[in-house]
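Heads up: the structure comes next, in structure tokens.
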Amino acid sequence: MSIQEAAGAAFRQAYGTEPAGFWAAPGRVNLIGEHTDYNDGFVLPFALPQRTIAAVGPSTDGRWSVCSTIAADPVTFGVTEPGEVTGWGAYVAGVVWALREAGHEVPPVRIALASDVPLGAGVSSSAAMESVVLTALIDVGGLDVPLEKRPAIAQRAENLYVGAPTGILDQSASIRCQEGRALFLDCRSYEVEQIPFDLAAEGLAILVINSNAPHQHVDGEYGARRKTCEASASALGVTALRDVSVPELPQALERLDDDVMRRRTRHIVTENQRVLDTVSLLRSGRVREIGPLLTASHASMRDDFEITVPQVDVAVQAALESGAYGARMTGGGFGGCVLALVDADRADACAAAVATAYEQHEFTAPTSWVAVAGPGATRL
Ligand code: GLA
């Protein structure tokens, strides 16, 4: 059964009727630019082919209901305030809340979700859920919400309703990415450039390796990184660390009296530059040459931002030893996925090399797949 059929079946089972339509929104991997989003910086994600699909139909009682193939009993709610719906339903109630907050008349609907976006793997399954619900509500209600304004609404749902202090990377990727492109996003202006990203044409592939490492301390550590970055910006007298350039970095570091602040700052400032350098190389078709930037990004996350775990470090090392041009952890950190830029005909060998290294370390086996840049949120 396809994901769309599964969503339709869940809808019929929960509500005893046919859905009026289907919407889809993808998970993402971030090619480069980690933790730069909430520092007003640059990111370069692309959409995964794995998507969350929503089967949607009108509600009969003015309330909203949502169920999924995992949770067959619908969560039902009326107009709510943050805190009233908890658990996974909060992502959906949060989107309804954020749209209403933005002044929109949100149509009451019933929703059934199905997804093949891996959960808890750091590839934005929650943003895919927010984005598919947001897109469906906008379409069903005929709401006037331009594409570039949508990610911030989904982000408000996550920040203020769900209560996770994330940036705008994931929702932007799920909503604004295009097939065959990577999304170069300026997280301050929300301006984007769609960068052609057809790796197959170059004989290349991005292998995504799910470390399957248990996520630990994710929320607390994420929030702590964000606070330190904000404290550094304020100590340096800038709006955000985006405002510090690489040439200015040595002087900025001298002005910070705390070693942790210095290392966090160095990651953000150098990571922003790596995004810009990656974009320049991609624009001029020099795809293989982005490899060292990916690997440098990983080292910076490991040593300066301190968000990696042994499983992702081992995956990166094994991928590089098996001939990858570059490899890095992608996403918020403390587990999740690694991506490796490889010759397309070496993708299997790279996956096998990582699996062997995991065996040697007695880690839970990784799961790998080749990711091709898919489309953003859409009506099906
Ligand atoms: C998580 C957050 C994003 C971003 C990344 C790290 O995915 O949701 O906003 O900060 O981590 O780049």
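Both counts, for ligands and for their atoms, begin at 1 and track the order of listing. Heavy-atom basis, side chains included; hydrogens, waters and symmetry copies ignored.
Judged as a side chain to side chain donor-acceptor pair (under 3.5 Å), the pairs with a partner in residues 100-129 (not counting sequence neighbours) are, in order, R28-S124, T52-S115, E101-R156, S124-D170. Applying the salt bridge (charged side-chain N to carboxylate O under 4.0 Å, His left out) definition to pairs two or more places apart or across chains, those involving residues 300-310 are R263-E306, R264-E306, R266-D304.
Annotation for ligand 1: atoms under 4.0 Å from non-hydrogen atoms of G167 are 9 (O). Interface atoms of ligand 1 facing Y222, defined by a heavy-atom separation under 4.0 Å, are 1 (C), 2 (C), 3 (C), 4 (C), 9 (O), 10 (O), 11 (O). Taking a cut-off of under 4.0 Å to the non-hydrogen atoms of R28, the atoms of ligand 1 that pass are 7 (O). Applying the 4.0 Å criterion to heavy atoms of T166 picks out, from ligand 1, the atoms 2 (C), 8 (O), 9 (O).
Each of D313, T330, T308 was evaluated against H298; a single residue qualifies, D313, per the side-chain hydrogen bond (donor to acceptor under 3.5 Å, both in side chains) test.
Annotation: D144, atom CG; neighbour count of heavy atoms from other residues, nucleotides and ligands within 6.0 Å does not exceed 12.
The closest side-chain donor-acceptor pair between S172 and Y190, if any, does not fall under 3.5 angstrom.
D259 and R262 are joined by a salt bridge, as a carboxylate oxygen and a charged side-chain nitrogen come within less than 4.0 angstrom of each other.
In terms of polar-atom proximity, defined here as any N/O pair under 3.5 Å, E34 does make such a contact with ligand 1. At least one N or O atom of H35, backbone or side chain, sits closer than 3.5 Å to an N or O atom of ligand 1.
In this structure, the ring of F46 has its center no less than 6.0 angstrom from the ring center of F184.
The protein heavy atom nearest to atom 1 (C) of ligand 1 is D170 OD2, 3.7 Å. Residue, atom and distance of the protein heavy atom nearest to atom 11 (O) of ligand 1 are G332 CA, 3.2 Å.
Within the set N39, D37, L169, the minimum heavy-atom distance to atom 9 (O) of ligand 1 is found for D37.
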